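So that the names make sense, note that chain A is the first sequence line, chain B the second, and so on, each numbered from 1. Small disclaimer: the values here were computed from a predicted structure and weren't measured.
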Protein chains: 2
Amino acid sequence: MRARDLNKVELVKQKAMELLVKIGFEGFTMNKLAKECKISVATLYIYYKDKDDLILQVAMEEAERMSNVMLEDFDPEASFEVGLKQQWKNRAKCMLENPITAQFLEQLRTSTYQEDVYGTIVNNFKLTLGKFMTNAINRGEINPMQLEVYWSVAFAPLYNLVRFHFEGRSIGGKPFILTDEALWGTFELVLKALKK
Amino acid sequence: MRARDLNKVELVKQKAMELLVKIGFEGFTMNKLAKECKISVATLYIYYKDKDDLILQVAMEEAERMSNVMLEDFDPEASFEVGLKQQWKNRAKCMLENPITAQFLEQLRTSTYQEDVYGTIVNNFKLTLGKFMTNAINRGEINPMQLEVYWSVAFAPLYNLVRFHFEGRSIGGKPFILTDEALWGTFELVLKALKK
DNA sequence: AATATAAATGAATATTCATTCATTTAATAA
DNA sequence: TTATTAAATGAATGAATATTCATTTATATT
């Protein structure tokens, strides 16, 4: 018996994300992916049933992996300020250390694959987050609000900064680099918005 | 001479966006679009040079149209609170009244077309916004910060709420509807974050 | 070392898709 | 009304793309 080359499997996953981020769904093909990996296109069909299966499996694995990292050292019983800061730390680290994956998952959001990925994976993740917000409300640390409002104020600015960082130019003409100063300065603003 | 049917041209534009939003770049084809419009594919090639040209032209026209609406009644010399409120009003109205266009332009952001669209159109728009922020800083209404930080705190929560609204389910299982209350409640939070 | 077995492959095949072409249709201008 | 002209079309065409297949290759087991 010949064993499957796990490095090759991993390579396929990485290159698939790279290629999708680089040329978008509109340009992505199985042949390009195979060429990029320097393997036969037939090999892709040993690993995956078809193109959809490939994209979906890669997406699910990465979404799961990333959401696990995002919960590291996070305690939903922690105080609001400490908990939120930990969330920012995890999310920023996670995205900045995995730029391809982060951009790939972002890209998924406006594709037909979104539903399958987000429907299944991210659920206990959401529960933890909801519990954290409810705790903060019950303790009187923040005012009552809808979870969607909370999420939008608490995290959308962070995701947006990271996006500007990846795009490298954002609004003005000059490249934007997300420094620690900018990151934590923004965090303070968000904290100010949410705290009573 | 036979005149071009402008209703048909408009129909193509609308259906193109609808289809792209519905089935993503990965599923979009010229034949599907033609069928959707109940016209011949060949007609598409009278209006547009090729597929890229079609997507790009539709995108540019819509991006320009939307960014014009977003600046209606906006005065970069207005006070910070008044100006930001007007921006929120315009953007919310614009996206909620043009859901397809809004989602289509969102989708573009993670495609290869992004560069061409955003590079050209949105520039004087950005200048106006930058001027408004600088004014607010000079008047001492807000603290000095990078334009990217400002944008991320001032608008990312709004865009995120609208996205949740379109997705219709967002975080929890129940559908999320963006009410006026949620919208303006969030605005107050953002204002609190930014004002000195 | 020999065998067995799945991995891996290069070269098809089959399908989908963008694009073109030969005609027809409708509207304008004469 | 007729001639003219571009719009509009249905049916190709050919290129790109997903997928399969007949072989070969490598490795674990005996």
Side-chain angles (χ1 to χ4, degrees), chain A residues 1-61 104 107-108 110-113 116-117, chain B residues 1-61 104 107-108 110-113 116-117:
Chain A
M1 245 278 278
R2 185 178 173 183
R4 186 174 292 188
D5 184 340
L6 294 178
N7 292 329
K8 203 171 282 179
V9 177
E10 184 59 27
L11 178 74
V12 167
K13 188 153 99 178
Q14 286 303 322
K15 292 285 180 190
M17 292 192 290
E18 261 178 59
L19 209 54
L20 277 163
V21 168
K22 193 171 174 187
I23 64 181
F25 281 108
E26 67 274 21
F28 179 84
T29 74
M30 294 298 264
N31 287 290
K32 281 184 192 164
L33 175 57
K35 183 166 286 179
E36 200 69 20
C37 299
K38 299 188 210 303
I39 64 174
S40 163
V41 66
T43 305
L44 296 175
Y45 286 86
I46 294 171
Y47 299 164
Y48 301 101
K49 184 173 151 291
D50 55 28
K51 191 172 95 160
D52 275 356
D53 182 50
L54 186 156
I55 294 175
L56 212 52
Q57 274 203 50
V58 171
M60 301 258 253
E61 286 172 30
F104 167 61
Q107 195 176 22
L108 268 189
T110 57
S111 78
T112 49
Y113 303 100
D116 295 292
V117 177
Chain B
M1 245 278 279
R2 184 178 173 185
R4 186 174 292 189
D5 183 340
L6 294 178
N7 292 329
K8 204 171 281 181
V9 176
E10 185 58 27
L11 178 73
V12 166
K13 188 153 99 178
Q14 285 304 322
K15 292 285 180 191
M17 292 192 290
E18 259 179 61
L19 208 55
L20 276 163
V21 169
K22 193 169 173 189
I23 65 182
F25 281 107
E26 67 273 21
F28 179 84
T29 74
M30 295 296 265
N31 287 289
K32 281 183 192 165
L33 175 57
K35 183 166 288 182
E36 201 68 19
C37 299
K38 300 187 209 301
I39 63 174
S40 161
V41 212
T43 306
L44 296 176
Y45 285 85
I46 295 171
Y47 299 163
Y48 301 101
K49 184 174 150 289
D50 54 28
K51 194 173 94 161
D52 276 357
D53 183 51
L54 186 157
I55 294 175
L56 215 50
Q57 275 203 52
V58 172
M60 303 259 254
E61 287 172 30
F104 167 62
Q107 195 175 23
L108 268 188
T110 58
S111 79
T112 50
Y113 302 100
D116 294 291
V117 176

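- Using a 4.0 Å heavy-atom distance criterion, A/Ile39 is classed as a sugar-phosphate-only contact.
- For the pair B/Leu33 and B/Phe28, the minimum side-chain heavy-atom distance is below 4.5 Å.
- In this structure, A/Thr43 reaches the C/dT9 phosphate: one of its side-chain N or O atoms is under 4.0 Å from OP1 or OP2.
- Side-chain N/O atoms of A/Tyr45 include one lying less than 4.0 angstrom from OP1 or OP2 on D/dT19.
- Rounded to whole Å, the distance from NZ on A/Lys49 to P on D/dA18 is 14 Å.
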### Task
Could you check B/Val12 against B/Thr43 for side-chain contact (heavy atoms from CB on, under 4.5 Å), going step by step and ending with a plain yes or no?
CA-CA 10 Å; B/Val12 166; B/Thr43 306; over 6 Å; no

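- Proximity of a side-chain donor or acceptor of A/Glu26 to a complementary backbone N or O of B/Ser111 within less than 3.5 Å is not detected.
- Between A/Ile46 atom CD1 and D/dT19 atom P the separation is 15 Å, expressed in whole Å.
- With rounding to whole Å, A/Lys8 atom NZ is found 12 Å from C/dA7 atom P.
- The distance from the NZ atom of B/Lys51 to the CE atom of B/Met30 is 8.0 Å, given to the nearest 0.5 Å.
- With rounding to whole Å, A/Asp5 atom CG is found 12 Å from D/dA26 atom P.
- Atoms CG (B/Asp50) and C1' (D/dA15) sit 15 Å apart, rounded to a whole Å.
- Separating the CG atom of A/Leu6 from the C1' atom of C/dA6 is a distance of 14 Å, rounded to the nearest angstrom.
- Counting only distance, with no hydrogens or angles, the side chain of B/Gln107 and the backbone of B/Leu20 share a donor-acceptor pair below 3.5 Å.
- Among the heavy atoms of the strands lying under 4.0 Å from B/Ala3 are primed sugar atoms or P, OP1, OP2 only; no base atom is included.
- Although no hydrogens or angles enter the test, the distance criterion places no donor-acceptor pair under 3.5 Å between the side chain of A/Lys15 and the main chain of A/Lys38.
- With rounding to whole Å, A/Lys38 atom NZ is found 17 Å from C/dG10 atom C1'.
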### Message
Show, in sequence, the C-alpha distance, side-chain angles and deciding distance for B/Asp52 and B/Tyr113, and conclude whether the side-chain contact (heavy atoms from CB on, under 4.5 Å) test is met.
### Response
CA-CA 8 Å; B/Asp52 276 357; B/Tyr113 302 100; 2.7 Å; yes

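- In this structure, of C/dA8, C/dT9, D/dG10, it is C/dA8 that holds the atom nearest to the side chain of A/Arg2.
- The stretch residues 15-32 of chain A has no heavy atom under 4.0 Å from DNA chain C, so no residue of it qualifies as close.
- In this structure, A/Arg4 places its CZ atom 17 Å from P of C/dT5, rounding to the nearest Å.
- B/Tyr47 has no side-chain polar atom (N or O) that falls below the 4.0 Å cut-off from OP1 or OP2 of D/dA7.
- No engagement by A/Tyr48 is indicated, since no non-hydrogen atom pair under 4.0 Å with the nucleic acid exists.
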